[in-house]
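Input: a single structure, listed below in structure tokens.
Computation of the quantities below employed the complete heavy-atom set of this structure, encompassing side-chain atoms and omitting hydrogens, waters and symmetry-equivalent molecules. Ligands are counted one by one from 1 in listed order, and the atoms in each one are counted from 1 as well. Treat the numbers as computed from the prediction; the structure is a model and nothing was measured. Numbering of residues begins at 1 and proceeds along the displayed sequence.
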Amino acid sequence: MDLLEPRSLDDALGMLRQHAPLMPLAGCTDVFVALQFGTETARRFLNIWGLDELRGIDVRDGVLRMGALATYTELGRSPLVWEHLPMLVAASREVGGMQIQNRGTLGGNIANGSPAGDSLPVLAAADAVVVLRSLDGERRVPFTEFYTGYRATVIRPDELIVAVEVPPVEGAQWFRKVGTRAAQAISKVVMAGVRAPRPRIALGSVAATVVRLPQTENALAAGSTLEEAQRVLRQEIHPIDDVRSTAAYRLRVAANLLGQFWAETG
Ligand SMILES: Cc1cc2nc3c(=O)[nH]c(=O)nc-3n(C[C@H](O)[C@H](O)[C@H](O)COP(=O)(O)OP(=O)(O)OC[C@H]3O[C@@H](n4cnc5c(N)ncnc54)[C@H](O)[C@@H]3O)c2cc1C
């Protein structure tokens with residue numbers, strides 16, 4: 001295997017352009033698992049862990065900006081994330097165990113694109129923007145347009161995720177993950193919600209990608225009862241049976257989570 005060690009972000013972007021294809025390595029918590037199981041065939045890697053340009057959490061003009069290498073531990077301890085995006089604090093504290101939280105990054109969760117990724121419903125409900133950079137410059141992609149299919153994204157081979165930006169979120173934020181046990185469990189269903197005049201609701205593990213629920217959101221915004229909104233939700237999502245759960249269970253839990261979100265933020 002080959003491992004390239006860039007000294008700066010520009011160096012990394014140059015290597016991606018010159019030596020493509022290279023797989024970026026951040027915390028490696030997904031990549032090592034895939035290599036171990038033989039589902040990852042890449043043999044040439046780019047170590048981005050040391051790139052300070054991809055670290056840091058700050059607020060500029062009211063927009064929360066989190067570097068791609070922000071770990072779950074850093075997110076969970078950041079006063080800025082507590083203030084602006086508490087549902088991401090809640091999600092970060094439920095990812096894996098302490099070791100994974102120390103190593104796993106927000107950028108890795110996004111790029112890996114598992115529909116069960118716990119930060120993804122939060123970013124979808126928060127109308128986040130993914131900042132991508134290549135030697136040609138930066139582009140900003142709304143999170144809801146970032147995935148094109150199961151673990152497929154708009155990232156080009158010469159681009160890195162450098163940061164995620166979240167505009168001010170008005171309204172109570174809510175997050176809940178349902179898994180087999182409290183730690184080290186992958187979500188069977190995961191929901192993030194914002195209780196605004198037009199509520200924003202996103203679900204993970206119920207489709208090939210994380211999904212927003214526009215019809216359910218519209219129903220609630222129009223003053224539907226919770227029961228009506230739960231009926232809309234059951235028609236809006238089409239989960240599947242897989243190794244982790246059944247479609248019937250996921251449908252029922254998703255509707256229950258909507259009820260819990262509504263009761264606890266009302
Ligand atoms: C035991 C265990 C428990 C886990 N529990 C959970 C859990 O509860 N919830 C959850 O959501 N996940 C969980 N995970 C998965 C994993 O920890 C997360 O997805 C984590 O955020 C991945 O980040 P990373 O930095 O380790 O990514 P890496 O493994 O380094 O990379 C993952 C993918 O993203 C790409 N990538 C990384 N950074 C960038 C970047 N800046 N730009 C472009 N591409 C990039 C890589 O090339 C690779 O394709 C678990 C993993 C393990 C091993």
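- Applying the ring-ring contact (aromatic ring centres under 6.0 Å, His included) rule to Phe261 yields the partners Trp174; only residues at least two apart in sequence or on another chain are considered.
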Identify the protein atoms, limited to N or O, that lie within less than 3.5 Å of an N or O atom of ligand 1, and list each pair with its distance to 0.1 Å.
residue, atom, partner, partner atom, Å
ligand 1, 5 (N), Gly96, N, 3.3
ligand 1, 8 (O), Gly96, N, 2.9
ligand 1, 8 (O), Asp118, OD2, 3.3
ligand 1, 8 (O), Lys177, NZ, 2.8
ligand 1, 9 (N), Asp118, OD2, 2.7
ligand 1, 11 (O), Asn109, ND2, 3.1
ligand 1, 11 (O), Asp118, N, 2.8
ligand 1, 17 (O), Thr29, OG1, 2.7
ligand 1, 19 (O), Asp30, OD2, 2.5
ligand 1, 19 (O), Asn109, ND2, 2.9
ligand 1, 21 (O), Tyr72, OH, 2.5
ligand 1, 21 (O), Thr105, O, 2.8
ligand 1, 21 (O), Asn109, N, 3.3
ligand 1, 23 (O), Thr105, N, 3.2
ligand 1, 23 (O), Thr105, O, 3.4
ligand 1, 25 (O), Gly27, N, 2.8
ligand 1, 25 (O), Thr105, N, 3.2
ligand 1, 25 (O), Thr105, OG1, 2.6
ligand 1, 26 (O), Cys28, N, 3.1
ligand 1, 26 (O), Thr29, N, 2.8
ligand 1, 26 (O), Thr29, OG1, 2.6
ligand 1, 29 (O), Thr29, N, 3.3
ligand 1, 29 (O), Asp30, N, 2.9
ligand 1, 29 (O), Val31, N, 2.9
ligand 1, 30 (O), Ala26, N, 2.8
ligand 1, 30 (O), Gly27, N, 3.3
ligand 1, 30 (O), Cys28, N, 2.8
ligand 1, 41 (N), Ile161, O, 3.0
ligand 1, 42 (N), Ile161, N, 2.9
ligand 1, 47 (O), Pro24, O, 2.6

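- Annotation: side-chain hydrogen bond (donor to acceptor under 3.5 Å, both in side chains) contacts of Thr216 (sequence neighbours excluded): Glu236.
- The OG1 atom of Thr148 sits 10.0 Å away from the CD1 atom of Ile155 when rounded to the nearest 0.5 Å.
- Under a 3.5 Å cut-off, the side chain of Tyr147 and the backbone N or O of Ile110 do form a donor-acceptor pair.
- Residue pairs satisfying the salt bridge (Lys or Arg N to Asp or Glu O under 4.0 Å) criterion with at least one member in residues 137-152, sequence neighbours excluded, are listed as follows: Arg133-Glu138, Glu138-Arg140, Arg139-Glu159, Arg140-Glu165.
- Listed for the Arg43 side chain is no donor-acceptor partner under 3.5 Å among the backbone atoms of Asp2.
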